[in-house]
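To keep things clear, I will list the structure first and then write my remarks on it.
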Amino acid sequence: MKNLGIRGSLALAIVCFSCAVAEGMTQLDGLTDQNKPKRCSHERVYDMSGAYCVGLRLQHIPSLKSGIEILDFSENRLQELKADTFSSYTSIKFLYLAENQMYNIDKDAFAPLSYLQTLDLSNNVILNLPESIFQLPSLRKLYLKDNPLLHLSFTNLQLHTPIKAPLELLDISNCKIDKLPYWGTLPHLTHYNISYNLLTALEAKHFASMCKLEKVDLTKSLDKIKLCDLKPTINWLQDKNVYFQLDDYSKLNTKEFEKCDDMPQNFVALNITHHVCKTAYLEFQSIKTSRRTWLTVTGGLAGFLVGFMLLLYLMHRHNVAQTKTKAEKLKKATPAHDRDKQATVPILVNDSNDVSRL
Ligand SMILES: *[C@@H]1O[C@H](CO)[C@@H](O)[C@H](O)[C@H]1NC(C)=O
Ligand SMILES: *[C@@H]1O[C@H](CO)[C@@H](O)[C@H](O)[C@H]1NC(C)=O
């Protein structure tokens, strides 16, 4: 009994102590939270100028340095992006807006960001995704995951295809999508995350237009689709060496799956779509290389011209210096040797004095 009592009070003491510590800590947390500066910090990272405003509970983007290339505004309380929100920050390349409360995005909000490469809009409540995002000329990575209302904007998304953005990564996981949007040809896409959406269909035509696809995440997205309806797409992905991630591969090893009809889809059309994508990719690569050669050629030419002009200038200066020294020698020489021309010398000196006075 006694023993138990001691143990009990000891336990109580420990509990109380940890309570006190916990309370103290939360109080401390509260204090630091209140004292935390609500100002973004500016730093240079990877030789780029960045502004960091993570977790400051801000409702608006404050005024920042104008040349920033990175803006991390994650974990704030931004609700809207207006047409002019980014108009002073046109050099942004990496924009992180995850975990805000964003529901409304103006259709032109991202239009000034022609250098934007990565856009993270994860974990918001976006209702209207503007079509213009897909036309951003440098956008390579787009994260839209965990937007429970995004499927609404996909139902009436009018895309001008082929889209301009050279997307390499597209993440639309966990957005309650039941029908995949058709993006048209995406010749650079290598990673496509469509996990945690209860899809009602998975068609090969969605993947035929992605000829560089390496990995597609289908985790927890296929439970509503009949096994046999998956077969043509699974075959297509296997044929093109695309790695597909599933939560359960075992159903692909069943007799039932084996017995499914093999080709109810139009493989000719799929092949054409795939071919169009490959052609677009090759075209892009050749434009890139020709632009590079053009740049090298013009760069070389410009360098040569600059060098040539420098040479001319140096020669000119050399000449001027030479004529000057000659003239000085002459000047010094004249009074001593040629007494007849002496009269002209003071006039010349006077002239130069006049000039210097001017
Ligand atoms: C795809 O998205 C899910 C959920 O957002 C995430 O857990 C998973 O790691 C992602 N897959 C890949 C390959 O990045
Ligand atoms: C589609 O292309 C593959 C090779 O990429 C070929 O094996 C197949 O026969 C083609 N199918 C049709 C219907 O043209």
Side-chain angles (χ1 to χ4, degrees), residues 54-55 70 72-76 78 93-103 105 116-129 133-134 136 138-155 157 163 165-183 186-225 230 233-252 277 281:
V54 183
I70 307 168
D72 193 344
F73 205 79
S74 312
E75 297 169 44
N76 280 292
L78 202 59
K93 291 178 182 161
F94 301 89
L95 181 56
Y96 305 97
L97 298 169
E99 293 187 50
N100 277 276
Q101 299 161 355
M102 223 155 18
Y103 63 91
I105 302 178
L116 191 62
Q117 293 178 21
T118 297
L119 176 58
D120 190 350
L121 295 170
S122 313
N123 241 301
N124 279 285
V125 274
I126 298 170
L127 265 170
N128 57 335
L129 193 72
I133 286 185
F134 297 95
L136 288 170
S138 312
L139 190 67
R140 294 196 276 121
K141 293 183 180 170
L142 178 58
Y143 298 90
L144 296 169
K145 65 174 179 181
D146 302 321
N147 268 289
L149 302 176
L150 197 70
H151 60 285
L152 297 175
S153 75
F154 280 166
T155 50
L157 188 69
I163 64 175
L167 284 179
E168 291 168 10
L169 183 150
L170 180 56
D171 188 343
I172 49 170
S173 58
N174 198 20
C175 290
K176 294 204 163 66
I177 295 164
D178 59 351
K179 261 176 86 183
L180 284 176
Y182 185 67
W183 310 107
L186 291 178
H188 309 280
L189 197 75
T190 56
H191 290 77
Y192 191 24
N193 197 340
I194 43 179
S195 61
Y196 298 91
N197 288 299
L198 265 185
L199 300 177
T200 52
L202 190 75
E203 292 172 75
K205 79 166 189 206
H206 285 290
F207 305 101
S209 55
M210 304 169 180
C211 49
K212 289 283 156 185
L213 193 61
E214 289 168 15
K215 189 171 182 180
V216 54
D217 195 337
L218 297 163
T219 309
K220 295 279 175 202
S221 283
L222 307 178
D223 292 351
K224 262 192 181 171
I225 309 174
L230 289 175
T233 309
I234 296 291
N235 280 351
W236 174 272
L237 294 175
Q238 278 174 335
D239 184 50
K240 301 296 177 213
N241 284 321
V242 178
Y243 174 76
F244 52 91
Q245 200 161 328
L246 300 178
D247 41 309
D248 177 18
Y249 291 94
S250 65
K251 52 187 173 189
L252 304 186
C277 172
Y281 180 80

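Just follow the structure's listing: the first ligand is 1, and inside any ligand the first atom is 1. Heavy atoms only: backbone and side chains are in, while hydrogens, waters and symmetry mates are out.
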Using the side-chain contact (heavy atoms from CB on, under 4.5 Å) criterion, which residues pair with Cys175? Sequence neighbours excluded.
Asn147, Leu150, Ile177, Asn197
Test item: side-chain donor near acceptor, Asn100 and Asn124, under 3.5 Å:
no
Could you please provide the protein residues found below 4.0 Å of ligand 1 on a heavy-atom basis, arranged by chain and number?
Lys145, Ser173, Asn193, Ser195, Tyr196, Lys215, Asp217
To the nearest 0.5 Å, tell me how far Asp171 CG sits from His191 NE2.
11.0 Å
What pairs with Ser195 under side chain to side chain donor-acceptor pair (under 3.5 Å), at least two apart in sequence or on another chain?
Asn193
Applying side-chain contact (heavy atoms from CB on, under 4.5 Å), name anything that partners His188, two or more places apart in sequence or on another chain.
Pro166, Glu168, Tyr281, Phe284
Is the side chain of Asn76 donor-acceptor paired with the backbone N or O of Leu78 at a distance under 3.5 Å, no angle test?
no
